[in-house]
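When a residue number appears, it is its place in the shown sequence, counting from 1.
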Amino acid sequence: MKQDSTITLHPDDRSRQTAEIMRRFNDVFQLHDPSALPELVAEGCVIENTVPAPDGARHAGREACVQLWSAIATQPGTRFDLEETFVAGDRATIRWRYWMADGNSVRGVNLMRVKDGRIVEAMGYVKG
């Protein structure tokens, strides 16, 4: 289900740019199309994934981050329901629900940071 629920907290140019990057990033998962990721992700991007508990795996560099997010976006039978995206300056918080192919779901958030028009940091957390 595609939803656009971006809320910009500080309506300045940097927040608008971050909101647009987050909209395009969320579209990757909503449309199951990772083709935009290479231009959205910075060379030095770092992801701290939601698994394994308690700290999650660390993925560093554009190639590793694009590979991880591409695999998630194209996982058959899954979907993300966007609940909310908050943007303030170069930071964003994306609240979501992820539906697995077996019908179970998990809720979580991603804490994102953008620099020079690209995603440089993503930290994922889930409930439970």
Please list, one pair per line, the donor and acceptor atoms closer than 3.5 Å that link side chains of residues 114-128 to other protein atoms, with sequence neighbours excluded.
residue, atom, partner, partner atom, Å
R118, NH1, P38, O, 3.2
R118, NH1, V41, O, 3.4
E121, OE1, R113, NE, 3.4

For E39, side-chain contact (heavy atoms from CB on, under 4.5 Å) partners two or more places apart: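 E39 satisfies side-chain contact (heavy atoms from CB on, under 4.5 Å) with R24 once adjacent residues are dropped.
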Quick check for you: to the nearest 0.5 Å, what is the distance between R107 atom CZ and R95 atom CZ?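 It is 6.0 Å, given to the nearest 0.5 Å.
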Please tell me if the side chains of V66 and P34 come closer than 4.5 Å, counting only heavy atoms from C-beta onward. no
Any side-chain heavy atom of D33 within less than 4.5 Å of one from V28?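 No, their side chains stay 4.5 Å or more apart.
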Let me confirm one number: the CG-CG distance from L37 to L68, rounded to the nearest 0.5 Å. 10.0 Å
Look at the side-chain heavy atoms of Ile, Leu, Val, Met, Phe, Trp and Tyr, link any pair under 4.5 Å apart, and say whether I72 and I94 land in one connected group.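 The answer is yes; both residues are in one hydrophobic cluster.
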Those residues at least two apart in sequence (or on a different chain) that pass side chain to side chain donor-acceptor pair (under 3.5 Å) with Q17 are none
Whether H32 side chain and A73 backbone form a donor-acceptor pair below 3.5 Å: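 A pair under 3.5 Å: yes.
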Quick one: name the residues clustered hydrophobically with W99, using the 4.5 Å side-chain heavy-atom rule over I, L, V, M, F, W, Y, and just say none if it's on its own.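 W99 clusters with nothing; isolated.
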Side-chain donor/acceptor of N26 to backbone N/O of M22, under 3.5 Å: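 A pair under 3.5 Å: yes.
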Note, D81 side chain near Y98 side chain (heavy atom, < 4.5 Å): no
According to the side-chain hydrogen bond (donor to acceptor under 3.5 Å, both in side chains) rule, which pairs have a member within residues 47-72, sequence neighbours left out? E43-R62
Can you give me the closest heavy-atom contact between S15 and A88, atom names plus distance? OG-C, 3.7 Å
Any chance you could measure E20, atom CD, to F25, atom CZ, to the nearest 0.5 Å?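 Between E20 CD and F25 CZ, I get 14.0 Å after rounding to 0.5 Å.
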Test item: V106 and W96 side chains (from C-beta on) under 4.5 Å apart, heavy atoms: yes
Is any NZ, NE, NH1 or NH2 atom of the basic residue among D27 and R23 found under 4.0 Å from an Asp or Glu carboxylate oxygen of the other? yes
Nearest heavy-atom pair of D90 and T18: which atoms, and what distance?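 Here D90 and T18 meet closest at CA-OG1, 3.5 Å.
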Which heavy-atom pair separates A57 from P52 by the least distance, and what is that distance?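 Heavy atoms only, the tightest pair is N-CD, 3.6 Å.
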Pairing residues for R97 by the side chain to side chain donor-acceptor pair (under 3.5 Å) criterion, not counting sequence neighbours: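 Only S105 meet the side chain to side chain donor-acceptor pair (under 3.5 Å) criterion with R97.
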Check whether N110 reaches the backbone of M112 with its side chain - one donor and one acceptor, N or O, closer than 3.5 Å.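 No, the answer is negative, given that no donor and acceptor are paired below the 3.5 Å cut-off.
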Exercise: identify the closest heavy-atom pair between A92 and V87: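 Between these two residues, the closest heavy atoms are CB-CG2, 4.1 Å.
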